[in-house]
Structure formats: C-alpha cells, structure tokens
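This report refers to the structure that appears directly beneath it.
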Amino acid sequence: MPPSFGDKSYWDARFAANPSTFDWLLPAGPLLSSIHSSLTTTPCPRILHIGCGTSSLSFHLKGLTGDPKKICNVDFSPIAVEAGKAQDGSMNWETLDLLSAEQVLEFKKANMFEDGGGGFGLIIDKSTADAISCASDVDVEFPYFIASNTVEGSSRKTAKIHPLAILSLHLAYLVAPGAKWLLLSYSSSRCSFLGPEKDGDKVVDQKALDEGFPDPRSLWRVVKEEALDAPDENNDSNSVVKRPVVKHTLYTLERSDFKLIAR
C-alpha cells in the first residue's frame, strides 16, 4: 500500500525518523533563477514557502531577498518546522495546516505587516500540491470561512470540496493581487483544475458555488509551464540501454484581483 502523502501522521513519522535535509523532485539550484525572476515582478518581496519540510531550498532563499524576515517557511508537521528553526532562526518558521480555514485565518492575522502590505508576493510550492492532492475531499459547511460574498447565519448545507480547490482558495486569501505561485509538480496535469471547463466538469460543485465558495479559476491563472529534467542517478553513461528522461513541471500561477471576504 503506498504512503498516505496527504496524512499528517505520515510526515510526522518520516521527519521524526530522519530530520536531515531532503529535497523532493529537484534540488534547490534549478529553481533559483525562476524564483529570482518571479520576485522581480511580484507586488511585494515577501515569500511564503509552503510544505517546506526539510528542504534545502529554505536556506537558499535568504540570498534572494536580502532580508530573511521576509521569508516564511510553513509546514503542517511541527517536527519539520522545529528542525528548520534550529538550523536557522533568522527566517520565520510556522506550523500551518493549509487545509484548515481556522488556521489560515489565524496565520494571516498574526502576519499582518507593519507597512500595510497586502500579503505575500510569492508562494513557493515544491510538490506540496502533489501531496495535498492525495488527501481526502474536505467536508465544508456553508457559509465558508472565506468566500466571494458575505452570507449571514448558517445555511446548514455542506459539500465535499477537492483539497486542491481548498488550497488554492486559502493561498489566494494570503497573497496580494498579482502575486505569483511557483508550483513544482511531477504531474504535467497538476493545474488542469485551473484550465477551461470540459463537458460541464466543475472543479467545485455548482451547489458550493451558489453558496459563495469561489471557483479557483477566478482566483488563479496559469501564466507559464516549464518542463524540467528530473535527476537520474541510476543512468549509466556507458550503458547501451538508456532510461527515458523524466520531466517535472514548474507552473507559474498569478493571483487575480478577485476579492475574498473572511467571516
């Protein structure tokens, strides 16, 4: 049975057993130029590194901002967060479950910026969306904590929402309009939920949309897709038979100016 990558207990056990640095999909190096380029076009230089785990990328980010306090590394495993904090306390490290609206609301409240900035300008996601896509659909009661309009009281209606739709909404709430979301995935179709609707297949059920839950397509658009070669440590350069080159996809998403309301 494959690991449950959407399960917090799996990650707590993994990080407790091996807290040493580990990078999913790619090392930090191939991503740095894209991160630097995105920082030059974002509305503010604050970086939210989601699902940071024990990746070395957290420590490479310092050289791109000039101010480590503009970097916030978050993970829903407190073991990973404490390991990162112990290595370098100059950056911000916080435990955060990005599928929990209550935690996201508290996180934003605690990270209101003194200069009046509208939130983070760049999200870095190194296969976190991949892991979250493995989680179960989220049971949502309406009106939801974060919505496209104000609804008083409770409708007592509920719906199951795909975790990627929840993630995209919560991240949209934390960033400024025009912010970028750099999403590295092993899947060439990871962001298909942000593409054109096909055959009436809605990423969010119409019932949920009617209750004010935003369509992720109104929050984010894919502005770039880049194929990156996966490392292959097993290929022997002298072998006659070569393994096929595996590609990962780096998506650049841009936040729209669609307004969200928290209750």
Side-chain angles (χ1 to χ4, degrees), residues 21 23-76 80-81 84-85 87-96 98 103-129 146 167-185 191 194 219-226 228 250-260 262:
T21 300
D23 281 293
W24 288 90
L25 302 189
L26 289 174
L31 302 175
L32 296 181
S33 62
S34 295
I35 295 171
H36 181 267
S37 176
S38 293
L39 276 172
T40 64
T41 60
T42 57
C44 57
R46 302 183 187 95
I47 297 176
L48 179 62
H49 181 195
I50 67 171
C52 60
T54 55
S55 171
S56 65
L57 180 57
S58 296
F59 310 104
H60 284 82
L61 295 177
K62 288 178 62 176
L64 299 178
T65 64
D67 181 359
K69 290 302 179 186
K70 290 183 177 178
I71 303 167
C72 189
N73 300 287
V74 300
D75 200 284
F76 72 168
V81 169
K85 194 182 297 184
Q87 274 192 268
D88 189 338
S90 67
M91 293 180 282
N92 297 300
W93 301 84
E94 296 195 35
T95 303
L96 176 63
L98 285 163
Q103 289 190 33
V104 168
L105 290 171
E106 286 299 315
F107 175 76
K108 182 166 184 176
K109 191 182 299 182
N111 285 275
M112 295 297 288
F113 303 105
E114 294 180 0
D115 62 4
F120 293 94
L122 177 62
I123 297 167
I124 298 175
D125 170 355
K126 199 157 169 280
S127 201
T128 297
I146 304 166
L167 176 66
S168 64
L169 171 59
H170 290 175
L171 291 180
Y173 178 67
L174 294 175
V175 302
K180 301 295 194 302
W181 175 3
L182 288 185
L183 190 166
L184 178 67
S185 174
C191 290
L194 296 174
L219 304 173
W220 298 97
R221 68 184 184 97
V222 180
V223 295
K224 185 178 179 181
E225 295 183 27
E226 181 182 359
L228 301 176
L250 180 63
Y251 301 90
T252 301
L253 313 181
E254 184 176 73
R255 172 70 165 97
S256 71
D257 59 2
F258 187 95
K259 291 185 179 179
L260 295 170

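Every heavy atom of this structure was used, including side-chain atoms; hydrogens, water molecules and symmetry mates were not. Index from 1, following the sequence.
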Report the distance from atom [atom1] of [X] to atom [atom2] of [Y], rounding to the nearest 0.5 Å.
X: Asn111; Y: Glu106; atom1: CG; atom2: CD; value: 11.0 Å
X: Thr41; Y: Glu254; atom1: OG1; atom2: CD; value: 7.5 Å
X: Lys180; Y: Thr40; atom1: NZ; atom2: OG1; value: 8.0 Å
X: Lys126; Y: Leu25; atom1: NZ; atom2: CG; value: 6.5 Å
X: Arg46; Y: Cys72; atom1: CZ; atom2: SG; value: 11.5 Å
X: Thr65; Y: Ile71; atom1: OG1; atom2: CD1; value: 4.0 Å

Closest heavy-atom contact between [X] and [Y]?
X: Pro43; Y: Ala176; value: CG-CB, 3.8 Å
X: Leu105; Y: Ala262; value: CD2-CB, 3.7 Å
X: Cys191; Y: Val222; value: CB-CG2, 4.0 Å
X: Ala179; Y: Trp220; value: O-CZ3, 3.9 Å
X: Leu182; Y: Ser38; value: CD2-OG, 3.6 Å
X: Leu250; Y: Ser34; value: CD2-OG, 3.6 Å

Going by atom type alone, with no hydrogens or angles, which donor-acceptor pairs under 3.5 Å involve a side-chain atom of residues 47-59 and a protein atom two or more places apart or on another chain?
from: His49; atom 1: ND1; to: Ser58; atom 2: OG; distance (Å): 3.1
from: His49; atom 1: ND1; to: Asn73; atom 2: OD1; distance (Å): 3.1
from: Thr54; atom 1: OG1; to: Ser20; atom 2: O; distance (Å): 3.1
from: Thr54; atom 1: OG1; to: Phe22; atom 2: N; distance (Å): 3.4
from: Ser55; atom 1: OG; to: Asp23; atom 2: OD1; distance (Å): 2.5
from: Ser55; atom 1: OG; to: Leu57; atom 2: N; distance (Å): 3.0
from: Ser56; atom 1: OG; to: Asp23; atom 2: OD2; distance (Å): 2.7
from: Ser58; atom 1: OG; to: Asn73; atom 2: OD1; distance (Å): 3.0

Heavy-atom distance under 4.5 Å between the side chains of [X] and [Y], does that happen here?
X: Tyr251; Y: Leu194; result: no
X: Ile123; Y: Leu174; result: no
X: Leu171; Y: Leu219; result: no

Filter on salt bridge (charged side-chain N to carboxylate O under 4.0 Å, His left out), then keep only pairs touching residues 48-58, sequence neighbours left out; what's left?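 Every candidate salt bridge (charged side-chain N to carboxylate O under 4.0 Å, His left out) pair involving residues 48-58 fails, so no pair, neighbours aside, qualifies.
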Determine whether Gln87 and Thr21 satisfy the following criterion, side chain to side chain contact (heavy atoms under 4.5 Å, CB included), listing intermediate values before the conclusion. CA-CA 10 Å; Gln87 274 192 268; Thr21 300; 4.3 Å; yes
For a side chain to side chain contact (heavy atoms under 4.5 Å, CB included) check, start with the C-alpha distance between Lys69 and Asn92, then their side-chain angles and the critical distance, and finish with the verdict. CA-CA 6 Å; Lys69 290 302 179 186; Asn92 297 300; 4.0 Å; yes
Side chain to side chain donor-acceptor pair (under 3.5 Å) partners for Lys62, two or more places apart: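 Partners of Lys62 under the side chain to side chain donor-acceptor pair (under 3.5 Å) test: Asp88, Ser90.
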With side chain to side chain contact (heavy atoms under 4.5 Å, CB included) as the test, would you mind laying out the steps for Trp181 and Val175 before giving the verdict? CA-CA 9 Å; Trp181 175 3; Val175 302; over 6 Å; no
